[in-house]
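Within every chain, numbering begins at 1; the chains are lettered A, B, ... in the order of the sequence lines, protein sequences first and strands thereafter. Worth saying up front: this structure is predicted, and the values here are computed from it rather than measured.
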Protein chains: 2
Amino acid sequence: MVNDTRQLNRMAVLTELLRIRPASRKQLAAASGLSAATVTRAVEQLIAEGVLVETSELVSEQRGRRAVLLDVVADRTFVVGVDLGASNARILLADLVGTPVERRELATPVRADAAELAEWLASAARDLAGDRWDRVERLYLGLPGAVGRDGSTISNAPNLPQVEAPGFLELVRLAADRPVGADNDANLALLGEQHFGAARAAPTAVMVTIGAGLGAGIAIDGRILRGARGVVGEFGQLPAGPLGTRLELMVTGPGIMRLAAEAGVRLGSPADLFATDASEPVRALRAHFDQAMLIVLTAATVSCEPEVIVLGGGIAKSLARDLGRYETVLEHHLGTAPRLTASELGDFAGATGAVVAALHEVYRSMGIDERAFGDLPVAAAV
Amino acid sequence: MVNDTRQLNRMAVLTELLRIRPASRKQLAAASGLSAATVTRAVEQLIAEGVLVETSELVSEQRGRRAVLLDVVADRTFVVGVDLGASNARILLADLVGTPVERRELATPVRADAAELAEWLASAARDLAGDRWDRVERLYLGLPGAVGRDGSTISNAPNLPQVEAPGFLELVRLAADRPVGADNDANLALLGEQHFGAARAAPTAVMVTIGAGLGAGIAIDGRILRGARGVVGEFGQLPAGPLGTRLELMVTGPGIMRLAAEAGVRLGSPADLFATDASEPVRALRAHFDQAMLIVLTAATVSCEPEVIVLGGGIAKSLARDLGRYETVLEHHLGTAPRLTASELGDFAGATGAVVAALHEVYRSMGIDERAFGDLPVAAAV
DNA sequence: TCATTTTGATTTCATCCAGCAATCAAAGTC
DNA sequence: GACTTTGATTGCTGGATGAAATCAAAATGA
């Protein structure tokens with residue numbers, strides 16, 4: 001049968017429970033639109049499978065029988081999300097509902113070859129998980145490069161070329177003995193910000209990460225836009241500088257230093273460009289930078305009309321003061337502008353997004369409808 | 001019941017029939033994954049409702065009972081698609097499966113106010129449909145401006161400001177006594193090319209229209225990307241020209257003429273810029289144009305990594321020779337490039353897309369799952 | 001203290017619907 | 001004219017839902 005009603009309804013109940021956790025059977029019936037009888041039967045089966053448990057009863061002032069609260073068994077399943085940067089790796093262990101339980105920041109073993117890197121990743125994950133390792137169901141990696149739509153072809157990762165080796169992900173899979181997924185780090189950072197950070201409740205959003213390079217992730221209606229070859233969001237490649245230079249050469253850390261050198265200006269670090277008491281030649285450089293940034297932001301805006309653009313990465317930290325100004329100019333040019341905001345999750349945005357992506361895979365394997373992934377997992381109410 | 005199996009399966013059968021028309025019950029069972037018994041019952045009901053009919057039997061060389069072919073009753077329902085341009089309006093009558101039955105090109109009554117324009121549209125539609133008018137279920141308009149996500153707020157239509165009047169669509173609805181939808185003309189042109197033109201079988205595609213203005217439509221996985229305020233695809237707003245001028249001022253017809261005048265070059269028409277025997281100063285202008293075009297094309301590529309970019313509009317006609325060159329440069333910059341191709345539907349792309357959009361509304365009202373819209377209606381096999 | 005009320009969960013029961021398999025229908029083949 | 005083959009229909013069974021009755025567990029009030 002194409003349409004297995006039973007399974008469908010069971011998953012609808014589970015989905016609602018993940019959304020409004022914990023909840024009574026009655027609440028689930030109302031939220032899912034199913035009858036109380038069906039919910040009772042679905043819950044019965046889910047409890048038998050060990051997916052749900054009855055938790056403490058809801059204490060209320062009302063009269064009448066007390067509702068029995070249900071919750072998913074969160075600590076039966078864990079995932080590990082890794083943001084494998086060119087210099088540092090952030091690694092995060094989270095449970096089935098997305099609660100982070102362990103986090104760690106390590107130096108990436110940049111000299112390791114693909115096999116050694118895979119081994120290192122697996123042992124780092126094992127280490128982080130400790131005795132929960134046998135309950136870890138998946139790893140997910142954020143990589144500083146383009147990941148093809150198939151989720152295995154990796155290219156364009158000049159800062160960590162080992163990961164481009166064919167079969168790298170397979171090596172990680174073998175070393176960790178777990179399914180492994182991967183995506184571009186900018187995509188995952190956006191996914192993280194959408195579920196737990198600055199882009200909460202913004203199903204259509206862009207995250208621009210500016211540091212050593214320029215990358216962007218685009219999410220439309222809660223889904224990360226992933227091209228076949230991973231060039232989505234490469235706004236840095238726009239040949240929009242003077243003489244057709246690429247924007248990447250203008251707004252990234254190395255680009256700023258190079259431009260300054262060419263102009264005969266001495267900068268201690270890229271951050272000096274943004275000093276409030278800068279000298280006149282630095283200000284001139286700054287004007288060029290601003291123009292390039294505006295092109296990037298305009299391109300991001302017209303590419304999908306996001307509700308919010310999140311800025312992350314080293315350079316973005318220096319831009320906090322300027323977001324309002326950029327927003328005004330965008331509004332002036334386009335008649336409307338997305339909200340510009342700094343990353344909330346900072347260095348762990350990528351690892352957080354990797355956790356979210358890993359959980360989506362787990363949810364998929366459980367049979368939950370993909371259309372619910374936009375708002376799952378839900379950030380725990382504070 | 002949240003999940004009405006019966007209705008779901010009936011619509012699955014109808015959807016498959018729309019895809020592989022005409023087909024026997026057995027074919028439908030195979031295509032939909034349902035059992036033959038269920039298909040028989042679903043078809044019985046659909047025939048009773050007048051949605052399907054049995055057509056001539058399939059004559060085959062095989063032995064055995066002949067399959068009875070089924071087809072949707074296409075001429076029971078029509079839609080009208082209109083591309084309301086600033087100077088010309090194209091209007092198209094099509095049946096339920098997207099077969100165009102009447103087409104007409106009229107001068108837009110540019111001096112009419114909103115109410116008069118609405119009346120004019122309604123009578124043009126009535127006129128085109130003739131005695132089929134009572135079977136016309138919907139109108140759909142392509143407008144030279146931004147249409148909000150709600151499908152009624154229209155803005156940014158300087159070339160036909162009447163349509164910005166609040167309630168314009170409501171006036172059309174009243175005048176035609178039919179439901180009316182609207183979208184940006186570039187979006188609809190893309191939709192048309194995706195279903196019947198150059199972007200067939202390309203679920204992710206961009207269409208860039210360059211004429212008096214620059215507009216673009218973006219489709220991802222068969223769905224037109226529609227922003228809340230309609231700035232999606234406004235690549236012409238990128239402030240990427242010299243001194244931050246907008247690209248729109250460089251690649252459109254008026255922009256070309258203006259740049260030429262500023263450079264002291266005399267051009268009879270924008271098309272002269274693309275003459276093969278151009279003089280040296282014209283070639284210099286042409287180089288600037290090419291650079292601006294490359295920025296637009298790069299922006300379009302990194303915005304969603306389309307499989308194909310369709311170029312339409314007056315200026316694009318002059319670019320046919322250059323598409324290969326652009327493609328090569330893009331490939332060189334990005335490592336990968338979409339296929340660049342000229343519009344196949346030409347002036348009627350927008351009206352065709354309006355028909356497709358109208359049919360989607362009709363399909364939706366019939367209960368067909370939106371996820372099937374990506375490949376419905378299907379272009380008739382030649 | 002105990003009947004009453006209220007609310008949540010479960011169970012009973014009628015109904016609906018899909019799929020399997022048997023049957024019917026309509027052709028060609030030997 | 002019996003047999004084979006293929007497509008469509010129908011009888012039957014099992015599974016799943018929802019409405020309503022029932023059970024369960026609490027507070028309330030006489």
Side-chain angles (χ1 to χ4, degrees), chain A residues 1-17 20-49 51-71 367 369, chain B residues 1-17 20-49 51-71 367 369:
Chain A
M1 175 153 137
V2 168
N3 151 26
D4 185 344
T5 312
R6 184 75 185 263
Q7 165 77 1
L8 241 51
N9 286 344
R10 212 168 80 240
M11 283 309 138
V13 168
L14 179 55
T15 303
E16 289 307 327
L17 184 59
I20 49 167
R21 201 167 54 84
S24 70
R25 289 169 176 79
K26 193 168 195 197
Q27 285 175 287
L28 292 173
S32 65
L34 297 166
S35 72
T38 303
V39 170
T40 288
R41 288 184 285 247
V43 164
E44 183 184 28
Q45 193 172 346
L46 288 166
I47 288 178
E49 290 168 6
V51 180
L52 303 190
V53 282
E54 296 191 340
T55 63
S56 63
E57 293 186 359
L58 182 67
V59 183
S60 79
E61 304 308 308
Q62 292 185 328
R63 53 163 63 181
R65 179 175 176 173
R66 282 177 188 153
V68 180
L69 287 183
L70 302 163
D71 203 347
D369 189 324
Chain B
M1 176 152 138
V2 166
N3 150 30
D4 184 344
T5 312
R6 184 77 185 263
Q7 165 76 0
L8 240 51
N9 287 344
R10 212 168 80 241
M11 285 307 137
V13 167
L14 179 56
T15 304
E16 289 307 326
L17 184 60
I20 49 168
R21 202 166 54 84
S24 70
R25 291 170 175 78
K26 193 168 195 197
Q27 285 176 287
L28 292 174
S32 66
L34 297 168
S35 71
T38 302
V39 171
T40 288
R41 288 183 284 247
V43 165
E44 183 184 28
Q45 192 172 347
L46 287 165
I47 288 179
E49 291 169 6
V51 180
L52 303 189
V53 281
E54 296 191 342
T55 64
S56 62
E57 292 186 357
L58 182 68
V59 183
S60 79
E61 305 307 306
Q62 292 185 330
R63 53 163 64 178
R65 176 176 179 174
R66 284 178 186 153
V68 179
L69 288 184
L70 301 163
D71 203 348
D369 190 323

Phosphate OP1/OP2 of [N]: any [X] side-chain N/O under 4.0 Å:
X: A:Thr5; N: D:dA16; answer: no
X: B:Thr38; N: C:dG19; answer: yes
X: A:Arg10; N: D:dA16; answer: no
X: B:Asn9; N: C:dC17; answer: no
X: B:Thr40; N: D:dT9; answer: yes
X: A:Arg25; N: C:dT10; answer: yes
X: A:Arg66; N: D:dA27; answer: yes
X: B:Arg63; N: D:dT6; answer: no

Nearest of C:dG8, D:dA8, C:dC20 to any side-chain atom of A:Ala67?
C:dG8

Rounded to whole angstroms, how far apart are [atom1] on [X] and [atom2] on [N]?
X: A:Gln62; N: C:dG8; atom1: CD; atom2: P; result: 6 Å
X: A:Arg41; N: C:dT10; atom1: CZ; atom2: P; result: 11 Å
X: A:Asp4; N: D:dT17; atom1: CG; atom2: C1'; result: 13 Å
X: A:Lys26; N: D:dA24; atom1: NZ; atom2: C1'; result: 14 Å
X: B:Gln45; N: C:dC17; atom1: CD; atom2: P; result: 9 Å
X: B:Met11; N: C:dA18; atom1: CE; atom2: C1'; result: 18 Å
X: B:Gln27; N: D:dG7; atom1: CD; atom2: C1'; result: 11 Å
X: B:Arg6; N: C:dT15; atom1: CZ; atom2: C1'; result: 13 Å

Would the distance check show the side chain of B:Glu16 and the main-chain N or O of B:Val13 forming a donor-acceptor pair, the cut-off being under 3.5 Å?
no

Sorted by position of nearest nucleotide on DNA chain D, 5' first, the leading residue of A:Gln7 and A:Arg65 is A:Gln7

Shortest non-hydrogen separation from A:Ala23 to A:Leu17 and the atoms involved
N-CD1, 3.7 Å

Can you give each donor-acceptor pair under 3.5 Å made by side-chain atoms of residues 34-42 of chain B, sequence neighbours left out, with the distance rounded to 0.1 Å?
from    : atom 1 : to      : atom 2 : distance (Å)
B:Ser35 : OG     : B:Thr38 : N      : 3.2
B:Ser35 : OG     : B:Thr38 : OG1    : 3.0
B:Thr40 : OG1    : B:Ala36 : O      : 3.2

Pairing of B:Glu44 and B:Arg25 as salt bridge, 4.0 angstrom limit
no

Under the salt bridge (Lys or Arg N to Asp or Glu O under 4.0 Å) test, residues paired with A:Glu49 that sit two or more places apart:
A:Arg10

